[in-house]
Structure formats: C-alpha cells, structure tokens
Amino acid sequence: METCIAILEGTLGAGGMDSPEFKEYSRRSNANGEAHGGIVLQKYSVKENLGQGEKPDFILIVEYPSYEVAVDTFTCEEYKSIIPLRDIAFKTVKILLMK
C-alpha cells in the first residue's frame, strides 16, 4: 500500500490562533489525524503569495498510510463533527490529497 501526502492550506478567521474555536478545532483535528496514522512532515507559515488569490496563513504537509486512510480522516464522523469549529476558525481551508 502506497502512502498518501495531504497538503493542508488555510487562511485564519478574525480571531486567528487565539480564538477558542481554533484551539478546539486544532486539538481535535490533530487527535483525529494521529488516530488515522497521520504524521506531520512539515509546517510552514506563509510570508507572501507571489501568485494569484489570497495568501494562506499556513501550509501543513501530512503523510497518511494510504489514500483511503487520508480520505477517511477527513470524512469520518469525528472530523465532520468539528467542521462547524473549522468554519469559524478559518476563512478558507484546502485539503489536497496527492495520489
């Protein structure tokens, strides 16, 4: 089985990382990712966007045991239950899976 790389890109909401929604989402999202075997390979704060669109605040690169596990990580009931927190904590979130 081949591993899967997920690239998570996000733009924070008005409260930034200090908002209670961000803190709770981050805690639960990290626990969910770890429970599915996700390993954070890199974390980046984005300084500047020289291309199109809004500059994201961060990019995370996470490795999962397989594509199927990565999909399950972000479609399971636990993750679905924290989407309302995510929607407050972030303006935008992209979860990109590499095959």
Distance-minimising heavy-atom pair for [X] and [Y]:
X: Val71; Y: Thr75; result: O-OG1, 2.8 Å
X: Tyr64; Y: Ala6; result: CE1-CB, 3.8 Å
X: Cys4; Y: Ala70; result: SG-CB, 3.9 Å

Please round to the nearest 0.5 Å and tell me the distance separating atom [atom1] of [X] and atom [atom2] of [Y].
X: Arg27; Y: Leu85; atom1: CZ; atom2: CG; result: 9.5 Å
X: Asn32; Y: Asp72; atom1: CG; atom2: CG; result: 8.5 Å
X: Met17; Y: Lys23; atom1: CE; atom2: NZ; result: 11.0 Å
X: Ile82; Y: Asp87; atom1: CD1; atom2: CG; result: 10.5 Å
X: Phe74; Y: Ser29; atom1: CZ; atom2: OG; result: 6.0 Å
X: Phe90; Y: Thr11; atom1: CZ; atom2: OG1; result: 9.5 Å

Quick one: does Ser81's side chain have a donor or acceptor within less than 3.5 Å of a partner on Glu78's backbone?
yes
Just by distance, do the side chain of Asn49 and the backbone of Pro56 share a donor-acceptor pair under 3.5 Å?
no
Path from [X] to [Y] over hydrophobic side-chain contacts below 4.5 Å:
X: Phe22; Y: Leu60; result: yes
X: Val40; Y: Val46; result: no
X: Val93; Y: Leu8; result: yes
X: Leu41; Y: Leu96; result: yes
X: Ile5; Y: Val62; result: no

Pair Arg28, Tyr79: side-chain N/O donor-acceptor within cut-off below 3.5 Å: no
Check the pair Lys99, Glu2 against salt bridge (Lys or Arg N to Asp or Glu O under 4.0 Å), reporting the backbone distance first and the verdict last. CA-CA 9 Å; Lys99 277 185 115 176; Glu2 193 171 318; over 6 Å; no
**OP:** Using a strict 4.0 Å threshold on nitrogen-to-oxygen distance, state whether Glu54 and Lys91 make a salt bridge.
**Re:** yes
- Should His36 and Cys76 be marked as a side-chain contact (heavy atoms from CB on, under 4.5 Å) after you check the CA-CA gap, both sets of side-chain angles, and the distance that decides it? CA-CA 10 Å; His36 284 88; Cys76 70; 3.9 Å; yes
Before giving the answer on side-chain contact (heavy atoms from CB on, under 4.5 Å), spell out for Tyr67 and Leu97 the whole-Å C-alpha distance, their side-chain angles and the decisive distance to 0.1 Å. CA-CA 7 Å; Tyr67 175 81; Leu97 303 182; 3.9 Å; yes
Original post:
If you draw a 6.0 Å radius around NZ in Lys94, do more than 12 non-hydrogen atoms from other residues or ligands fall strictly inside?
Top reply: no
